[in-house]
Protein chains: 2
Amino acid sequence: MKRPTIADIARRAGVSKGAVSYALNGQPGVSEATRKRILAIAQEIGFNANSAARALSGARARAVGLTLCRPARILGIEPWFMGLISGFEAELGAQSYALTLQVVASPEQEVEVYRRWWGERRIDGVIVTDLRQNDIRIPVLQQLQLPAVVIGGSGEPSPVTQIWSDDGGAITEAVRYLVALGHSRIARVSGVPDLLHTQVRTKAFNEVCTSLGLHDAVTVPADYTGEEGSRATRRLLIGGDRPTAIIYDNDVMAVAGLAVAQEMGLSVPGDLSIVAWDDSPLCSLVHPPLTALSRDVSGYGAQAARELLNAVDGKKVGNVKAQTAHLTPRGSTAPPRN
Amino acid sequence: MKRPTIADIARRAGVSKGAVSYALNGQPGVSEATRKRILAIAQEIGFNANSAARALSGARARAVGLTLCRPARILGIEPWFMGLISGFEAELGAQSYALTLQVVASPEQEVEVYRRWWGERRIDGVIVTDLRQNDIRIPVLQQLQLPAVVIGGSGEPSPVTQIWSDDGGAITEAVRYLVALGHSRIARVSGVPDLLHTQVRTKAFNEVCTSLGLHDAVTVPADYTGEEGSRATRRLLIGGDRPTAIIYDNDVMAVAGLAVAQEMGLSVPGDLSIVAWDDSPLCSLVHPPLTALSRDVSGYGAQAARELLNAVDGKKVGNVKAQTAHLTPRGSTAPPRN
DNA sequence: GCAGTGTACTTGACCGGTTAAGTCACCGGG
DNA sequence: CCCGGTGACTTAACCGGTCAAGTACACTGC
């Protein structure tokens, strides 16, 4: 089956292919009657512009790129990324942009992928996740002048548009809630310490704990995986003065922490309260269901995609603050038993 | 920053761009010395062939497409898809093919996306998941002559290459294991009944149960979500003659089932044994860890990508049988308490 | 000494769009 | 009546590769 081209339309409409191009792109230069006729023919023969030809002649590639730099085993289980991707799609699909995905092993590889994509003119912009301090990707994106949005920065002024949320505020709310329930020994199991948003959360956690007079508030770094979540939880729970509440930086580690508590014969929430960051169906799935810091991950992704498309269109956009995660209390938090 | 083109290389090497093309593609027509020189220049200036230009002149687009037709909330939590995607990437990345993703709401939309991609010449082939009986996508793919591989068919002769695994054999093993432990009332919570692999599993489950004399073996259909998994489990457990073991078609529903059992005060595995299909870190995360039918999802994906690239290269490939899922016993299965 | 055969290139058409520049008919104003 | 302006097109160059066809030159064999 032959792919229809604008030449086919031109022939059937009895006009030149230039006229067809103008008609299809809503440009002036054709009469309304001709435009209608051309659009009808395009519709009839199922025409779709060859994206290669379009990209080649200087126009958009109509695709954006996303690199994921996490080991496969954690990518699979973390609902976060898929939620984000669904959000991108909702927005990109509506404007018939494609999403090109690449799983990589390191930030260096991400940079390589950006360079390749840029050279190949394969994409019009990229979505950057897992921002680090002095992230090596940012200068490269600037050098290549590749439109980009960063998901989850700190919200500070940045050369690249950021979609950020007030993680500090969210964690403060969680700590306040636990304190209100009567907890005074609160610990935290964090994500990868290199990531900027982990640092933001850690700073806010320390600040609120200090201001509330919780002196032994400790953060144990982990890496978002269940294994590390379990390990960190065990470390916290075997200590003499064990915490009565733990806040986890993602849902996977929180679920793992719950299992460790159960395995050690501790009751949740009786002996230990648990708060998960990033509410996902996973949190409501386990018993007891986990109190979580919820946000609309998919909406977050949609917003990022929207801003990226704006940036691609040359509209200069500044940082955008997304909805702050809010506490959704469920069965895993309660006043501590004495 | 200007993108380097073959013309830039040609100028620097003092040859024509045709020669550069031959050199870069390993074609005969240039001397070894010239080829080396050209490759060195390409390397030096960081040349990447413009994928649009390449695709336009009849060559490959060097991209494959994947559509995901599941609601966002289930996509996010199911480790299966991300595992699969990681597997694709491992293979595609190695051959510097890109993966283009699109989340859709219905098989009809998937067909539309295929047509659009084909018209746009955006991709060289597609990966098809969630095959149904008389799947409407298959004739379209044939009509468009779009290379494709289907993941998770029945293994029966098919117009489109299938990567399949012996799900019947796997479920038979699981049932035999439970019977050997002493169970006689075994139920199953299945995935979406329309999907071909669900039907294969249901058929095999019924057959092995009949052959082992288990007459009240029932399959409750669900949809892979935690909510449905919980509901199905409750339905099974409130009945008078409740099962002592349940096999779930995915890990998410199994985890949900575990929570329901705990919530109802039933001990797992004492009162109820649980087997999950598709082992993922999720299964080892909960307490007790779930006995699962494991397979190398990521390897499965890699194999599919490999076959697809073969199909794109015009090599005719037949159905490929992947590794059969094997039982990984963990803490959620034990002999039933009397 | 010259036809025949390679090898190592060059040339230029082509893929299917976009778009600047050109053409032509028609209209209104001076 | 002619001129300038505008609308509705057409023409053709261009994007950056690929590849068939053409060319130049060396070598080989009789």
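Note on naming: letters A, B, ... go to the chains in the order of the sequence lines (proteins, then strands), and numbering restarts at 1 for each one.
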Discussion item. Rounded at 0.5 Å granularity, tell me how far CG in A:Leu39 sits from CG in A:Leu24.
Written reply: 6.0 Å

Closest to the [X] side chain: [options]?
X       : options                : value
B:Tyr22 : C:dG16, C:dT10, D:dT18 : C:dT10
A:Ser16 : D:dT10, C:dT11, D:dG17 : D:dT10
A:Ala19 : D:dT10, C:dG17, D:dG16 : D:dT10
B:Lys17 : D:dG17, D:dC9, C:dG16  : D:dG17

What is the distance from [atom1] of [X] to [atom2] of [N], rounded to the nearest Å?
X        : N      : atom1 : atom2 : answer
A:Ile6   : C:dT18 : CD1   : P     : 6 Å
B:Arg122 : C:dC15 : CZ    : P     : 21 Å
A:Leu56  : C:dT19 : CG    : C1'   : 14 Å
A:Lys36  : D:dC9  : NZ    : P     : 14 Å
B:Gln27  : D:dG17 : CD    : C1'   : 13 Å
B:Arg60  : D:dG16 : CZ    : C1'   : 19 Å
B:Arg121 : D:dT18 : CZ    : P     : 14 Å
B:Asn50  : C:dG17 : CG    : C1'   : 13 Å

Once you apply a heavy-atom cut-off of 4.0 Å, does [X] come out as touching a base, just sugar-phosphate, or nothing?
X       : answer
A:Ser51 : nothing
A:Val15 : sugar-phosphate
B:Thr5  : sugar-phosphate

Practice prompt. Verify the contact: side-chain N or O of B:Ser31 to OP1 or OP2 of C:dC9, cut-off strictly under 4.0 Å; return yes or no.
Written response: yes

Item to complete: Look at A:Arg54 and C:dT18 and indicate whether a side-chain polar atom (N or O) is within less than 4.0 Å of OP1 or OP2.
Response: yes

Discussion item. Under the criterion salt bridge (Lys or Arg N to Asp or Glu O under 4.0 Å), I'd like the reasoning laid out for A:Arg62 against B:Glu120: C-alpha separation, chi angles, the key distance, then a yes or no.
Written reply: CA-CA 11 Å; A:Arg62 297 194 81 81; B:Glu120 293 180 344; over 6 Å; no

Worksheet item: DNA chain C: B:Thr34 or A:Asn25, which has the more 5' nearest nucleotide?
Response: B:Thr34

Worksheet item: Going through the distances and angles, do B:Arg115 and B:Glu112 end up as a salt bridge (Lys or Arg N to Asp or Glu O under 4.0 Å)?
Response: CA-CA 5 Å; B:Arg115 286 192 188 280; B:Glu112 268 175 54; over 6 Å; no

Worksheet entry | Donor-acceptor contact present, side-chain B:Asp313 to main-chain B:Lys315, <3.5 Å | no

Item to complete: Please confirm whether the backbone N or O of B:Asn319 pairs with a side-chain atom of B:Gln162, one donor and one acceptor, at under 3.5 Å?
Response: no

Discussion item. Assuming nearest nucleotide by heavy-atom distance, tell me which of B:Gly18 and B:Ala52 is located more 5' along DNA chain D.
Written reply: B:Ala52

